[in-house]
Number of protein chains: 2
Amino acid sequence: MEKVTIQQVARAAGVSASTVSNLLNDRSERMLPATRDRITEAITQLGYRPNRAARELRTGRTRTVGLIVPSVGNPFWGAFARELEHAALAEGYNVLLCNSERDPVRERRYVEELWDDGVREIVLCTSLPSLNHLAHIVEQGLRLVTFDRPTQADDPSTVVSISINNVVGGHLAASHLTSLGHRNLTFVSGSLRSVNRTGRYQGFCSAVEAAGLAVADMTLWAGADEAPFGDVEAADVGRRAAHEIFAAGNPPTGVVAINDMTALGVCRGLRDLGLQVGRDVSVVGFDDIILADLYDPPLTTVRQPIGQMAQLAIAEIVSHHGLADGEPGRSVLLRPELIVRGSTAAPPVD
Amino acid sequence: MEKVTIQQVARAAGVSASTVSNLLNDRSERMLPATRDRITEAITQLGYRPNRAARELRTGRTRTVGLIVPSVGNPFWGAFARELEHAALAEGYNVLLCNSERDPVRERRYVEELWDDGVREIVLCTSLPSLNHLAHIVEQGLRLVTFDRPTQADDPSTVVSISINNVVGGHLAASHLTSLGHRNLTFVSGSLRSVNRTGRYQGFCSAVEAAGLAVADMTLWAGADEAPFGDVEAADVGRRAAHEIFAAGNPPTGVVAINDMTALGVCRGLRDLGLQVGRDVSVVGFDDIILADLYDPPLTTVRQPIGQMAQLAIAEIVSHHGLADGEPGRSVLLRPELIVRGSTAAPPVD
DNA sequence: TATGGTCAGTAAATCGTTACACCAGATTGT
DNA sequence: ACAATCTGGTGTAACGATTTACTGACCATA
């Protein structure tokens, strides 16, 4: 019972290894039904399972898609990883998960390592403005699907992107606040050197202007632009932001955060200061992680349909599996949805 | 630049493939420094990277450890996955992540698939009382490290377990409440058919008795024991529990939840009912996920040192890599720590 | 009766690495 | 001076699958 090879199956079924291989690769029309039965019988009898390493060495192909996220410690990425695995499994693919910790060097290392391991399709969750550090591999035929990062002008042409429309999302968040009567808003994020952040901020600004307010009067709290912060620390960013913003003069009545973790951090920071979210200050998040609904007060947020996005990503991969590269990549932009909950309300009258 | 093999490197360096292979496998003492330099030069020059499939086919070994968690959608498992990857990477291992969704069939399928892929070491996060469904593979030499599930009497003898002492944890949680003056407690979990749950409940009971109270007077809310619930739904379990418990007569003043997600659900449920956590009712969680500290009020909880546990798990794997099986497995039980925050207080006087 | 075409299946050549056995020349021990 | 040992390598056979090119046997057609 140690290890059973295709040869042993062949011997047991009284055929050659080639015939067993043919059966295994959907070429079963090329043999008598009786033979086919004998082989399948032998396979189950011996408990044979093809050796992936050998198969991959020979064919050069894998049924594995790589997934690179900033950090599964962040519930948003954890939830997305789960959805992607679900979608991939349905198509017979496996998912290999990697945490880049938002470090371009690690990101590149992972991509190269995956490539060397025979992985030819990767779902990359990055927010880097440029994909230059990966271009040399994409050119060799890697199918890259970026998630939460719309395609940029100078990306390799075969790159596919699945993302929500961040500008619309940012607009939804901010216009929700202005329509409630808020006139003094702040946008909180970490560094702005990422494409989805700039998109969301842009939407924020357009909503501010649409409400007849001056963007210049709003605050942009974009961190100290210091060390590239990890994802779990997103909450700390929000908390620190709240402390600084509300200690200063002329504090806002509404806050739009770059994502839910940061938003929760902001809420926590406000609570530290004795302010009540959903009454003294309104807070809008982004993503709609499970905890948004669980929080007290439940968080108003802009939802990303991760289940649907995961399916789209896998569909894109499946449809191109084994094809030569060269086809220009699509860019799918989904419309985000505003979920209104208890963390937002009309501003207090004073 | 398509694909560069060890042969090409050998030719470029003017040596045989064997010599290059020797260098690659830490047998570099067996050659002149000059030769070594020529080879390394050729490697970087050509951008050579060993083909994993070939290497694995030849050696039968992988530098990959499988990680099977209930669901990375749950922040606790996401955080643990991140820690494990960190620890594994430091030892030159990769982590292949799988979500079992608490389904024994999926669990088994994953283990078999990993085994077939050459993975010889797996960190399994399960709460099933029995490992029978995996015994046939463990016997073949799979190194299994269970996490958050202390070894059971009838487990295969080579299984190693890394876990906290759940009995102590349950005791810490309950005795914290009794020492605050609570006399009417409820233990909330999903189904109790899992080893860590029974352990925690046992600790809960011992603390109740130590406080001079009768276990019979306490409530055990263990779900409808219905469909095996997923992990994300842990929060829903808590919420539903709160609704039922506090709608009934003689509601408790203190709740111990099986984990933080459930605890957060309980808090949410209490809020639905207009009750204030940390004043009207005290709630203790388990795990200390990031969100515990972020919540309003911050959650009192029993911390699992996942970073340390991840390191121990990897250390266990590294020390046995490539060894023949047979050595009986250890069982490491760490002491959990109570983290007191705002969700617990003395019971209200009425 | 040649000729050609299916049918059902096989032999052998890979894929890129590693490991075992071996070897020539230099050095050492006695 | 002779064998023994060491140094710095090399040759070759696997590892387990896939795939291309082939081979008999059988049948139909002209």
Side-chain angles (χ1 to χ4, degrees), chain A residues 1-40 42-43 46-64 113 115-120 321-322, chain B residues 1-40 42-43 46-64 113 115-120 321-322:
Chain A
M1 276 269 164
E2 266 306 298
K3 38 181 58 178
V4 34
T5 77
I6 201 173
Q7 303 287 349
Q8 301 177 34
V9 173
R11 212 166 305 142
V15 295
S16 76
S18 314
T19 306
V20 180
S21 175
N22 280 334
L23 176 61
L24 261 44
N25 292 280
D26 293 329
R27 281 183 289 270
S28 53
E29 343 78 41
R30 299 215 160 274
M31 67 195 73
L32 293 175
T35 315
R36 181 178 351 188
D37 293 347
R38 279 205 328 280
I39 298 176
T40 39
I43 286 178
L46 297 169
Y48 166 72
R49 324 212 32 157
N51 178 315
R52 282 230 177 166
R55 181 175 269 184
E56 185 187 323
L57 173 59
R58 185 65 239 257
T59 64
R61 285 178 244 127
T62 335
R63 298 276 292 176
T64 296
E113 211 166 291
W115 175 261
D116 290 339
D117 286 4
V119 174
R120 291 296 168 266
H321 186 71
Chain B
M1 276 270 163
E2 267 305 300
K3 37 182 59 179
V4 42
T5 76
I6 201 174
Q7 302 287 350
Q8 301 177 34
V9 173
R11 213 165 305 142
V15 294
S16 76
S18 312
T19 305
V20 180
S21 175
N22 281 334
L23 176 61
L24 260 45
N25 292 279
D26 293 329
R27 281 185 289 270
S28 53
E29 343 76 44
R30 298 216 160 275
M31 67 194 73
L32 292 176
T35 315
R36 181 178 353 190
D37 293 347
R38 280 205 327 281
I39 298 176
T40 38
I43 286 177
L46 297 168
Y48 166 73
R49 324 211 35 155
N51 178 316
R52 283 232 176 167
R55 181 175 269 186
E56 186 187 323
L57 172 60
R58 185 66 241 255
T59 62
R61 286 179 245 126
T62 334
R63 297 280 289 181
T64 296
E113 212 166 291
W115 175 262
D116 290 338
D117 285 5
V119 174
R120 291 294 169 268
H321 187 70

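Below, read A as the first sequence line, B as the second, and so on, with proteins coming before strands; counting in each chain starts at 1. We use all heavy atoms of the structure for the numbers below, so side chains are in, but hydrogens, waters and symmetry mates are not.
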Quick check on [N]: is either OP1 or OP2 less than 4.0 Å from any side-chain nitrogen or oxygen of [X]?
| X | N | answer |
| --- | --- | --- |
| Arg27(A) | dT19(D) | yes |
| Asn25(B) | dT18(C) | yes |
| Thr35(A) | dG9(C) | yes |
| Thr19(A) | dT10(C) | yes |

How far apart are the closest heavy atoms of [X] and [Y], and which atoms are they?
| X | Y | result |
| --- | --- | --- |
| Leu46(B) | Val9(B) | CD1-CA, 3.9 Å |
| Thr19(B) | Met31(B) | O-CE, 3.7 Å |
| Lys3(B) | Gln8(B) | O-NE2, 3.4 Å |

Which part of the nucleic acid, if any, lies within reach of [X] when heavy atoms closer than 4.0 Å are counted: base, sugar-phosphate only, or nothing?
| X | value |
| --- | --- |
| Thr5(A) | sugar-phosphate |
| Arg36(B) | nothing |
| Ser21(A) | base |

>> Looking at Arg27(A), I want to see if its CZ is surrounded by more than 12 non-hydrogen atoms of other residues, nucleotides or ligands under 6.0 Å.
In response: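 Atom CZ in Arg27(A) is crowded, with more than 12 foreign heavy atoms closer than 6.0 Å.
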
Rounded off to whole Å, could you give me the [atom1]-to-[atom2] distance for the [X] and [N] pair?
| X | N | atom1 | atom2 | result |
| --- | --- | --- | --- | --- |
| Lys3(A) | dA14(D) | NZ | P | 16 Å |
| Gln8(B) | dC15(C) | CD | P | 11 Å |
| Leu24(B) | dG16(C) | CG | P | 15 Å |
| Arg63(A) | dT18(D) | CZ | P | 13 Å |
| Tyr48(A) | dT18(D) | OH | C1' | 10 Å |
| Arg61(B) | dC15(D) | CZ | C1' | 13 Å |
| Arg38(A) | dG9(C) | CZ | P | 7 Å |
| Leu23(A) | dT18(D) | CG | P | 11 Å |

Indicate yes or no for a side-chain donor-acceptor contact from [X] to the backbone of [Y] under 3.5 Å, with no hydrogens or angles considered.
| X | Y | result |
| --- | --- | --- |
| Arg120(A) | Trp115(A) | yes |
| Thr62(B) | Thr64(B) | no |
| Ser21(A) | Ala17(A) | no |

>> Return whichever of Pro33(B) or Arg49(A) has its heavy-atom-nearest nucleotide of DNA chain D closer to the 5' end.
In response: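 Nearer the 5' end of the strand: Pro33(B).
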
> Using a heavy-atom distance cut-off of less than 4.0 Å, which residues of residues 50-58 of chain B contact DNA chain D?
Replying inline: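 Leu57(B), Arg58(B), in order of number.
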
> Of the nucleotides dT17(C), dT10(C), dT12(D), which one has an atom closest to the side chain of Gln7(B)?
Replying inline: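 So the nucleotide nearest the side chain must be dT17(C).
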
>> If you only use heavy atoms from C-beta on, which nucleotide in dG9(D), dG9(C), dG16(C) is closest to the side chain of Leu32(B)?
In response: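 Nearest to the side chain of Leu32(B) among the choices is dG9(D).
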
> How many angstroms lie between atom CG of Asn51(A) and atom CG of Leu57(B), to the nearest 0.5 angstrom?
Replying inline: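 With rounding to 0.5 Å, CG (Asn51(A)) is 6.0 Å from CG (Leu57(B)).
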
>> So, under a plain 3.5 Å distance rule, would you say the side chain of Ser18(A) forms a donor-acceptor pair with the base of dT19(D)?
In response: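 In this structure, the two groups form a donor-acceptor pair.
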
